[in-house]
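Predicted model only: the values in this text are computed from it and were never measured.
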Amino acid sequence: MRSKSFLFVALTALVVQSAAAGEIRADMLPDSVKKTFASLYPSVVAVEWDWDEDRHAYEAEAKIDHREVEVLIAENGELVQAKEDVFADQIPDVVLKEIRQKWPRAEVLGANKITTRLDEIWDVGLKFRNRYHNVEIKRKNR
């Protein structure tokens, strides 16, 4: 009997913890949020949704071709921030050119592309002199 009580308490705690984490089903999202996400990532279907209390936005986590994507979208559908993993061979030439000018001997390992309404920030992972470094290249969105 005691083990059944313990099991019930443990399962109840797990359910409460999961609900507190804010996980949201896609059918519970505002249409504006769904439309914005679909316009940014039309081929993605497997998405975990959550509510980010600090930023007052819906947070989506997904994978695209083995790359992680995290997106924050306000209730009105406005993009707050998108963060995507980018393989080294997919970093735009304009960003690579700036990297090579400042760190000509560095090996480019990959990047995170962080997009907001105003900026596009490339957090690029580099290796030089047998050490790892991250550098930011910031560009204004048009």
Should [X] and [Y] be regarded as members of a common hydrophobic cluster, given that ILVMFWY residues are connected when their side-chain heavy atoms come within less than 4.5 Å of each other, either directly or indirectly?
{"X": "Ile64", "Y": "Val47", "value": "yes"}
{"X": "Val69", "Y": "Val124", "value": "no"}
{"X": "Val95", "Y": "Ile121", "value": "no"}
{"X": "Ile137", "Y": "Leu118", "value": "no"}

Is there a side-chain contact between [X] and [Y] in this structure, where contact means two heavy atoms from C-beta onward sitting under 4.5 Å apart?
{"X": "Glu61", "Y": "Glu68", "answer": "no"}
{"X": "Val86", "Y": "Trp122", "answer": "yes"}
{"X": "Lys97", "Y": "Arg100", "answer": "no"}
{"X": "Val135", "Y": "Leu126", "answer": "yes"}

Enclosure of Asp89 CG (heavy-atom neighbours >12, cutoff 6.0 Å):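 Correct, the count exceeds 12.
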Heavy atoms from other residues, nucleotides or ligands near CG of Asp27 exceed 12 (cutoff 6.0 Å):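 Yes, the 6.0 Å shell around CG holds more than 12 heavy atoms from other groups.
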Sidechain-backbone polar pair: Ser39 side chain, Thr36 backbone, donor-acceptor under 3.5 Å: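 Yes; judged by distance alone, with no hydrogens or angles, the pair exists.
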Under 3.5 Å: donor-acceptor pair, side chain of Ser32, backbone of Glu75: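 Between the backbone of Glu75 and the side chain of Ser32 there is a qualifying donor-acceptor contact (under 3.5 Å).
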Residues Arg55, Asp52: salt bridge by 4.0 Å N-O rule: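 No, this pair does not count.
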Residues Arg139, Asp119: salt bridge by 4.0 Å N-O rule: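 Answer for the salt bridge query: no.
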Spacing of [atom1] belonging to [X] relative to [atom2] belonging to [Y], to within rounding of 0.5 Å:
{"X": "Asp123", "Y": "Lys83", "atom1": "CG", "atom2": "NZ", "result": "7.5 Å"}
{"X": "Tyr58", "Y": "Lys34", "atom1": "OH", "atom2": "NZ", "result": "10.5 Å"}
{"X": "Glu120", "Y": "Lys113", "atom1": "CD", "atom2": "NZ", "result": "4.5 Å"}
{"X": "Glu136", "Y": "Ile114", "atom1": "CD", "atom2": "CD1", "result": "6.5 Å"}
{"X": "Ile91", "Y": "Ile99", "atom1": "CD1", "atom2": "CD1", "result": "7.5 Å"}
{"X": "Leu72", "Y": "His56", "atom1": "CG", "atom2": "NE2", "result": "12.0 Å"}

Which atom pair, heavy atoms only, marks the closest approach of [X] to [Y]?
{"X": "Asp85", "Y": "Arg67", "result": "O-NH1, 2.9 Å"}
{"X": "Arg105", "Y": "Phe128", "result": "O-CB, 4.2 Å"}
{"X": "Ala62", "Y": "Phe37", "result": "CB-CZ, 4.5 Å"}
{"X": "Ala88", "Y": "Val108", "result": "CB-O, 3.6 Å"}

Ala74: partners by side-chain contact (heavy atoms from CB on, under 4.5 Å), with sequence neighbours left out: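 Scan of Ala74 (side-chain contact (heavy atoms from CB on, under 4.5 Å), adjacent residues dropped) gives Asn76, Glu78, Val80.
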side-chain contact (heavy atoms from CB on, under 4.5 Å) between Glu84 and Tyr41, intermediate numbers included: CA-CA 11 Å; Glu84 304 174 39; Tyr41 306 100; 2.9 Å; yes
Tyr132 and Glu107 side chains, donor-acceptor separation under 3.5 Å: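 Absent: no donor and acceptor within the cut-off.
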